[in-house]
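To find a chain, count down the sequence lines: A is the first, B the second, and so on, and within it residues start at 1. Because the structure is a prediction, the values reported are computed rather than measured.
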Number of protein chains: 2
Amino acid sequence: MITVDLKSRVPIYEQIVDSVKSAILSGLLGPDEQLPAVRKLAVELAINPNTIQKAYTILEAQSIVYSIPGRGSFVSADTGALADAHHAKLISELKQLLDDAKRSGISKKEILDIVNGYGE
Amino acid sequence: MITVDLKSRVPIYEQIVDSVKSAILSGLLGPDEQLPAVRKLAVELAINPNTIQKAYTILEAQSIVYSIPGRGSFVSADTGALADAHHAKLISELKQLLDDAKRSGISKKEILDIVNGYGE
DNA sequence: TAAGTGTACTATTTGTATTAGTACACTTGT
DNA sequence: ACAAGTGTACTAATACAAATAGTACACTTA
């Protein structure tokens, strides 16, 4: 569920933050569902517990999870804000990509062909 | 022409590499045109000459520039490969973004509206 | 000859992530 | 009451890569 690439340039704790966010966005982790325990996940990923803790602390600061000492860490009840932020981010990235494509002389037709290749 | 963000996470030498590539792709730098001298650019960007040299070495290894000791560094005569690679990269990023958007429940209509907002 | 160019090399510094180790307070289940 | 499992907190040490500092050499151009 939560994975990490030790060789990546992005810090492990950040990968964990992103991984948890993805799990929530994809529905893999539902509201009030418990996250893996700090120590357990550390063993599973073969990294230091402090690194997991750092990730959970960041997630808690962003109101994406809440932690109860002695109990565990859990997904926040309301994940709407997270979904909204992700949505906005995707739109923004798409616009930037289109700008770049236009500057690079990629035709609108080529782009539309690709977009239309995606079902629905 | 070539800019750098000291606060960015991506290494300065890599920013320079990307910056030169962009300048070439946008036509700001034409074939056989001379790049700023290592020492001069170092002064201009207020960074160490070694960092510039590292960037130029990488660009030369990728056949994007060629260097002549005593003369300077110049844009390669044939920049077609660079343009092709950039084109392929954009297409790939677009596909990935569309995948993500689909997974996030963004409607095709919303995407088409954005794409159609880009002239031509 | 002088100035400007790329190239090469080693040592050092710096910043940040990560690890290591320990300790405390709380909750749950027995 | 107890043990096990949980989050939390803190300091020190380690590791690694980027960036800097400093110097030197070979070449080209005016």
Discussion item. Once side-chain contact (heavy atoms from CB on, under 4.5 Å) is applied, do any residues pair with A101(B), and if so which ones, sequence neighbours excluded?
Written reply: L90(A), I106(B), I111(B)
Response to the item:
Residues passing the side-chain contact (heavy atoms from CB on, under 4.5 Å) test with D32(B), sequence neighbours excluded, are Y66(B), A77(B)
What protein N or O atoms touch nucleotides 12-14 of chain C N or O atoms at under 3.5 angstrom, if any, and at what distances?
none

Fill in: Strand-adjacent residues in residues 28-37 of chain B, judged by heavy atoms under 4.0 Å from DNA chain D
none
Item to complete: Could you list the residues that satisfy side chain to side chain donor-acceptor pair (under 3.5 Å) with E110(A), not counting sequence neighbours?
Response: H87(B)
Discussion item. Suppose we screen for side-chain contact (heavy atoms from CB on, under 4.5 Å). Which residues come up paired with S8(A), at least two apart in sequence or across chains?
Written reply: D5(A), V10(A), Q15(A)
Fill in: Pair listing, side-chain hydrogen bond (donor to acceptor under 3.5 Å, both in side chains) test, anchored in residues 41-55 of chain B, at least two apart
N48(B)-N50(B)
Worksheet item: Sequence neighbours excluded, which residues qualify as side chain to side chain donor-acceptor pair (under 3.5 Å) partners of S76(A)?
Response: none
Item to complete: Taking side chain to side chain donor-acceptor pair (under 3.5 Å) as the test, write out the residues that go with Q96(A), two or more places apart.
Response: none
Discussion item. Let me check the geometry of the helix from dT1(C)-dA30(D) to dT30(C)-dA1(D). What is the bend angle between the axes at its two ends, five pairs each, to 10°?
Written reply: 20°
Response to the item:
Residue set satisfying side-chain contact (heavy atoms from CB on, under 4.5 Å) with S19(A), at least two apart, ordered chain then number -> I2(A), T3(A)
Practice prompt. Look at K109(B) together with D113(B) and state whether they make a salt bridge at an N to O cut-off of under 4.0 Å.
Written response: yes
Worksheet item: How would nucleotides 17-30 of chain D be written as a contact map, 5' to 3', with B for base contact, S for sugar-phosphate-only contact and - for no contact, using protein heavy atoms under 4.0 Å?
Response: -SSBBB-B--BSS-
